[in-house]
Amino acid sequence: DELQGVMDKITELENGLNTALAKKEDLANQVEQCSARLGRAKKLIGGLGGEKDRWTQSVAQFAIDYVNLLGDVLISSASIAYLG
């Protein structure tokens, strides 16, 4: 009777151990997935930071082109009128 109680306790503890090990495995998988996501997010943020610089340069160049646009149109119109 006492032996059966001890055996039941051992079975209960083994079940708890198996549950804890499964949970540990699941948490390890989640950590691995989160690490992979974090790495991809860092790459994406780094890439977008470069895009910001490129867009800033493009906007600056567009502003210069916009200022020069009127003169370019006048020169083109004059050339077309002269050449007939």
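FYI, side chains are in, hydrogens and waters are out, and symmetry mates aren't considered; it's all heavy atoms of this structure.
- Applying side chain to side chain contact (heavy atoms under 4.5 Å, CB included) to Glu25 and the options Leu21, Asn29, Leu27 leaves one that passes, Asn29.
- By the 4.5 Å heavy-atom criterion applied to side chains, Leu69 and Asp65 are not counted as neighbours.
- How far CD of Gln61 is from OG of Ser58: 8.5 Å, rounded to the nearest 0.5 Å.
- With rounding to the nearest 0.5 angstrom, the CG atom of Leu17 is 10.0 Å from the NZ atom of Lys24.
- Atom CD of Glu51 has more than 12 heavy atoms from other residues, nucleotides or ligands within 6.0 Å.
- The CG atom of Leu13 lies 11.0 Å from the CG atom of Asn18; values are rounded to the nearest 0.5 Å.
- To the nearest 0.5 angstrom, Leu48 atom CG is 11.5 Å from Asp53 atom CG.
- A donor atom on one side chain and an acceptor atom on the other are found under 3.5 Å apart for Gln30 and Asp26.
- Put simply, CD on Glu12 and NZ on Lys9 are 5.0 Å apart, with the number rounded to the nearest 0.5 Å.
- In this structure, CG in Leu74 is found 4.5 Å from CG in Leu70, a value given to the nearest 0.5 Å.
- Checking Asp8 against Gln4 by side-chain atom types alone, a donor-acceptor pair falls below 3.5 Å.
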